[in-house]
A.B. asks: 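Sharing a structure here in structure tokens format.
Counting starts at 1 for both ligands and their atoms, following the listed order.
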Amino acid sequence: MKLEYPEIKKRAAKLKFRTKAFIDGDFAAAQSEETFTTENPATGKPLADIAACDTPDVDRAVRAARKAFDSGVWSRLKPGERKRVLLKWADLLETHALELALLDTLEAGKPIGDCATMDIPDTIHCIRWHAEATDKLYDHVSPTGPENLALIVREPVGVVGCVIPWNFPAQMAAWKLGPALATGNSVVLKPAELTSLSAIRMAELAAEAGLPAGVFNVVPGLGETAGQAIGRHMDVDMVAFTGSTEVGRYFLKYAAESNLKRIILECGGKSPQVVFEDALDLENVANNAVGAAFWNMGENCSCGSRLIVHTKIKDELVERVAKLAKTWKVGDPLDPRNRLGAMIEKPHLEKVLGYIAAGKAEGAKLVMGGRRILEKTGGCFVEVTMFDEVSSRMKIARDEIFGPVLSVIPFSTEDEALALANDTNYGLAASLYTQDVNRAHRAARAIRAGTVSVNCFSEGDITTPFGGFRQSGFFGRDKSIWAHQQYTELKTVWIQLA
Ligand code: NAP
Ligand code: MG
């Protein structure tokens, strides 16, 4: 269904928000009855007041999750039955796809075109994919001698806490929920404080699909309160976190200081796009480079924020990127013609503008953009921005900006290019462009990143694992069968045969 701007605005105005926590199969206010306000970053206006959950609410949710887990109502259900419920949930998500897309657009300032055609379809596909895997995976019998039978089985971990960011609200929830629920765990999810609405609605629809009470709970709230309560909880068996490296570290500390719960982290990035002098079709490279850098306003963990280009082709590529980037319009995220919406909130907008100022101060050459725009709307809009002649030592080349700011870094030799690509604390994703198959393999192996895409910008698909090397992650992989398995414990059952 292709909708035009006026119709989309009408639908958005009619949306009803679920603003309470979802605990033990039902909506619940925070015990303190406190709320916090969520805003639309494209207008600066409040959208809704959301239940501000804290330790007592997290306790309640964890108790419900534990009770459901121990009862076996989900954890010991036949895999095929779990699959049936999850597929029904996916169908309901599909029925309400436009509503979910609008919730993420309103709360996160993300373009409706992205939410409706990528985020929500990927969310649904992710739930379906893990649901389908449920009754197709076998455990193992180990090659012992004839006196023994050793079974190596996978069991759900138990109560899984999920703490997620605001940049892909529904999708980041699905990347955790799909595999965690398919493998039989119970979940307590804390969405980002800036984007709670789609997660709460997803929980309501899961209950409607027949997910038993207590299996999937949502506790909206702040990181320092609800997030920390999950991290430090003695009865949470595992936390799956996506967010900044800085907050990821806290979860390792929380685990160390509490019950040594398993922690998996998906964190930030400063991903390189390396363009060798023999790259085929610079227009295609430019197209990919623009997508990598500016998709989702650059508020993307795999954002290709460093364009590392051979000096021979740099000027031509910069020109093509600038020309294409100008066609990526910034504006009301409800208007499907806009490719960029609003930055998530004012403090973040200011942080991005601060990086742009630092780029100028450190001597990088501003090729385009650099300013806040559409201020009269009350929204947090910033121009698509590109710096040339950036050196690897500059702040804009080192820090994750999380905004639409691309840094162009020139190189002359392959060794230099690979050293620049790896000159970062992160290692989430990378792209490289070359026609030489040997160089492509060589470079793909040399770059320290969880996903390396060749002659395109890609995060792979649901069949491929996604996660980071170095400070981009800690054991975590989202998507694929590896994600599925990380929500299980490995158990050996050793039997003495008579
Ligand atoms: P963030 O500030 O690290 O927050 C992530 C989550 O942690 C939020 O739910 C947040 O709650 C919570 N939190 C904050 N402080 C906490 C604390 N002291 N204790 C416990 N929980 C706490 O990240 P963000 O700003 O939402 O998202 C942007 C980051 O996510 C970027 O670095 C990006 O690269 C990363 N990311 C990574 C991936 C990946 O797959 N690797 C995907 C998407 C995003 P509040 O909302 O209340 O602060
Ligand atoms: Mg935050």
A.B. asks: Of the listed options (Val239, Leu189, Ile164), which comes nearest to atom 9 (O) of ligand 1 when hydrogens are ignored and any heavy atom counts?
C.D. replies: Ile164
A.B. asks: Check whether Asn300 reaches the backbone of Trp295 with its side chain - one donor and one acceptor, N or O, closer than 3.5 Å.
C.D. replies: no
A.B. asks: Within a 6.0 Å radius of atom CH2 on Trp482, are there more than 12 heavy atoms belonging to other residues, nucleotides or ligands?
C.D. replies: no
A.B. asks: Using the benzene-type ring in the case of Trp, are the ring centres of Phe168 and Trp175 under 6.0 Å apart?
C.D. replies: no
A.B. asks: Need the ligand 1 atom indices (1-based, order shown) with element for anything under 4.0 Å from a heavy-atom of Phe241.
C.D. replies: 3 (O), 5 (C), 6 (C), 7 (O)
A.B. asks: Where's the contact between Met172 and ligand 1, heavy-atom distance under 4.0 Å: side chain, backbone, both or neither?
C.D. replies: side chain
A.B. asks: What are the atoms of ligand 1, with element, lying closer than 4.0 Å to any heavy atom of Val247?
C.D. replies: 3 (O), 7 (O), 13 (N), 14 (C), 15 (N), 16 (C), 21 (N), 22 (C)
A.B. asks: Which ligand 1 atoms does Tyr250 reach within 4.0 Å, using its non-hydrogen atoms?
C.D. replies: 17 (C), 18 (N)
A.B. asks: Would you indicate whether the side-chain heavy atoms of Phe475 and Gln486 approach each other to under 4.5 Å?
C.D. replies: no
A.B. asks: Considering only heavy atoms from C-beta outward, does the side chain of Leu420 approach that of Pro272 to under 4.5 Å?
C.D. replies: no
A.B. asks: Only heavy atoms of Tyr254, strictly under 4.0 Å: list the atoms of ligand 1 that pass.
C.D. replies: 17 (C), 18 (N), 19 (N), 20 (C)
A.B. asks: Can an N or O of Trp166 be found at a distance shorter than 3.5 Å from an N or O of ligand 1?
C.D. replies: yes
A.B. asks: Should Lys270 and Asp423 count as an ion pair when the cut-off is N to O under 4.0 Å?
C.D. replies: no
A.B. asks: Within a radius of less than 6.0 Å around OH of Tyr250, do more than 12 heavy atoms belonging to other residues, nucleotides or ligands occur?
C.D. replies: no
A.B. asks: At the 4.0 Å heavy-atom cut-off, does Cys267 count as touching ligand 1?
C.D. replies: yes
A.B. asks: Could you list the atoms of ligand 1 found under 4.0 angstrom from a heavy atom of Asn167?
C.D. replies: 43 (C), 44 (C)
A.B. asks: Is there a polar contact, in the sense of an N or O pair closer than 3.5 Å, between Glu400 and ligand 1?
C.D. replies: yes
A.B. asks: Can you list the atoms of ligand 1 that are under 4.0 Å from a heavy atom of Ala192?
C.D. replies: 9 (O), 46 (O)
A.B. asks: With heavy atoms of Gly223 as the reference, note each atom of ligand 1 found under 4.0 Å away.
C.D. replies: 11 (O), 12 (C), 13 (N), 14 (C), 15 (N), 16 (C), 17 (C), 19 (N), 20 (C), 21 (N), 22 (C), 45 (P), 47 (O)
A.B. asks: Using distance alone, decide if ligand 1 has a nitrogen or oxygen within less than 3.5 Å of any nitrogen or oxygen in Thr245.
C.D. replies: no
A.B. asks: Strictly below 4.0 Å, N to O, side chains only: are Arg66 and Asp237 in salt-bridge contact?
C.D. replies: yes
A.B. asks: For ligand 1, is Phe168 a contact, meaning one of its heavy atoms is under 4.0 Å away?
C.D. replies: no
A.B. asks: Have a look at Glu266, Lys190, Glu193 and point out the one with the heavy atom closest to atom 11 (O) of ligand 1.
C.D. replies: Lys190
A.B. asks: Would the distance check show the side chain of Gln31 and the main-chain N or O of Asp57 forming a donor-acceptor pair, the cut-off being under 3.5 Å?
C.D. replies: no
A.B. asks: Could you tell me, atom by atom, which parts of ligand 1 come under 4.0 Å of a heavy atom of Phe466?
C.D. replies: 40 (O)
A.B. asks: Nearest 0.5 Å, what's the CD1-OG1 distance between Ile356 and Thr385?
C.D. replies: 4.0 Å
A.B. asks: Look only at interatomic distance and state if Leu428 has a nitrogen or oxygen under 3.5 Å from any nitrogen or oxygen of ligand 1.
C.D. replies: no
A.B. asks: Looking only at distance, does Glu224 have an N or O less than 3.5 Å from an N or O of ligand 1?
C.D. replies: no
A.B. asks: Can you spot which of Asp104, Thr105, Asn296 makes a side chain to side chain donor-acceptor pair (under 3.5 Å) with Lys110?
C.D. replies: Asn296
A.B. asks: Before accepting this row, confirm whether a basic side-chain N of the pair Lys346/Glu350 lies closer than 4.0 Å to the acidic partner's carboxylate O.
C.D. replies: yes
A.B. asks: I'd like the name of whichever of Gly268, Gly243, Pro165 reaches closest to atom 35 (C) of ligand 1 through any heavy atom.
C.D. replies: Gly243
A.B. asks: Would you mind telling me if ligand 1 is within reach of the side chain of Val163, the backbone, both or neither, using heavy atoms under 4.0 Å?
C.D. replies: side chain
A.B. asks: In a check of side chain to side chain contact (heavy atoms under 4.5 Å, CB included) between Val321 and each of Asn288, Val384, Leu307, which one passes?
C.D. replies: Leu307
A.B. asks: Is there any N or O on Asp478 that sits under 3.5 Å from an N or O of ligand 1?
C.D. replies: no
